[in-house]
Structures are given as C-alpha cells and as structure tokens.
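All remarks here apply to the structure that follows.
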Amino acid sequence: MIRILPILLLTSLAMTANAQDPAAADTFEREALKALKAAHAAKKSVVIHIGGQTVAGGIKAIGPDSIIISNREHATIIVRRERIDAIEAD
C-alpha cells in the first residue's frame, strides 16, 4: 500500500500538468470561432454537433451569425452559430 501511494501521486500530478488552464479558456462563442477560423485557414474539415445531430464538412465561409460548410453530399450547408452545441476540429 505504501509503494502504491507515491505512484498514484505522481500519476495524478502528471495528469493535471497536461490539463488546459481554465483561466486561459474564453467563452464558448469565442473558442468556437477560434476553432472554426483555424480549420478554415488550414482547409481542414470539422464535425459540428447541433441538437443531437452531427454535420461534417469543410468550412466555406464564416459569417456573423452563421457558417457555411460543404461535404460530399451537399454543396452548401448553412448552420446558425447560436445553435452549435460542440465542434470537433484538429
């Protein structure tokens, strides 16, 4: 038991060191916009979660209240930014 305690302590310290500082995170809207702009600039696709559904595609444009994405099935998909629940981006 005594040998396990230092290992658990070191493991928990290593796990907390990798976590992002909560003070560095901004509001959802700003963080989402930052992720969308980065994906648009890098020409990478994103997965957007809206009301329990997912929409994947490349970002064509980012407007003040909507984003336009496209994928293999649809040339234009317009999403209201206020309806976005989560964004998966690299």
Side-chain angles (χ1 to χ4, degrees):
M1 179 70 177
I2 294 175
R3 288 184 172 182
I4 295 174
L5 186 60
I7 294 172
L8 290 175
L9 181 62
L10 289 175
T11 304
S12 66
L13 287 174
M15 289 172 58
T16 57
N18 292 334
Q20 183 180 5
D21 180 20
D26 206 343
T27 64
F28 176 79
E29 177 61 27
R30 288 188 182 143
E31 291 294 326
L33 184 58
K34 187 172 26 172
L36 291 170
K37 284 183 176 181
H40 182 258
K43 299 188 186 302
K44 294 198 172 204
S45 62
V46 295
V47 177
I48 300 173
H49 297 267
I50 308 161
Q53 301 293 318
T54 59
V55 179
I59 299 172
K60 292 172 64 175
I62 302 171
D65 62 347
S66 63
I67 61 169
I68 301 172
I69 63 175
S70 65
N71 58 24
R72 292 181 185 174
E73 297 173 4
H74 305 287
T76 303
I77 303 167
I78 303 170
V79 178
R80 287 186 187 166
R81 285 177 38 184
E82 65 187 29
R83 301 294 303 259
I84 296 174
D85 296 324
I87 298 172
E88 294 179 45
D90 287 336

Open item on the list: So, taking the atom named CZ in R80 and the one named CG in D65, what distance separates them when rounded to the nearest 0.5 Å?
Closed with: 8.0 Å

Open item on the list: Run V55 and V47 through side chain to side chain contact (heavy atoms under 4.5 Å, CB included) and show every step you take.
Closed with: CA-CA 6 Å; V55 179; V47 177; over 6 Å; no

Open item on the list: Please give me the minimum heavy-atom distance between H74 and I77, naming the atom from each residue.
Closed with: CB-CG1, 3.8 Å

TODO: Flag yes if I62 and I78 sit in one hydrophobic cluster, no otherwise; membership is Ile, Leu, Val, Met, Phe, Trp, Tyr, and two members link when side-chain heavy atoms are under 4.5 Å apart.
DONE: no

Task: Test side chain to side chain contact (heavy atoms under 4.5 Å, CB included) applied to L36 and I87, step by step - done: CA-CA 8 Å; L36 291 170; I87 298 172; 3.8 Å; yes

- [ ] Find the distance between NE2 (H40) and CD1 (I69) and round it off to the nearest 0.5 Å.
- [x] 12.0 Å

- [ ] Evaluate the side-chain proximity of R30 to L33: yes if any heavy-atom separation is below 4.5 Å, no if none is.
- [x] no

Task: Distance in Å, R72 CZ paired with S45 OG, rounded so as to fall on 0.5 Å steps - done: 10.0 Å

- [ ] Of all the heavy-atom pairs spanning G52 and D85, show the shortest one and how long it is.
- [x] N-OD2, 4.2 Å

Task: Considering all heavy atoms, the nearest S70-A75 contact - done: CB-O, 2.9 Å

- [ ] Establish whether I50 and F28 are linked, either directly or via other cluster members, by ILVMFWY side-chain heavy-atom contacts under 4.5 Å.
- [x] yes

Task: Side-chain donor/acceptor of K60 to backbone N/O of I67, under 3.5 Å - done: no

Open item on the list: Minimum heavy-atom separation for A39 and I59, please, with both atom names.
Closed with: CB-CD1, 4.1 Å

Task: 4.5 Å side-chain heavy-atom contact, H49 and E88 - done: yes

Open item on the list: Given 3.5 Å as the limit, does a donor-acceptor pair link the side chain of R81 with the main chain of G63, or not?
Closed with: yes

Task: Close side-chain approach of T54 and I48, heavy atoms under 4.5 Å - done: no

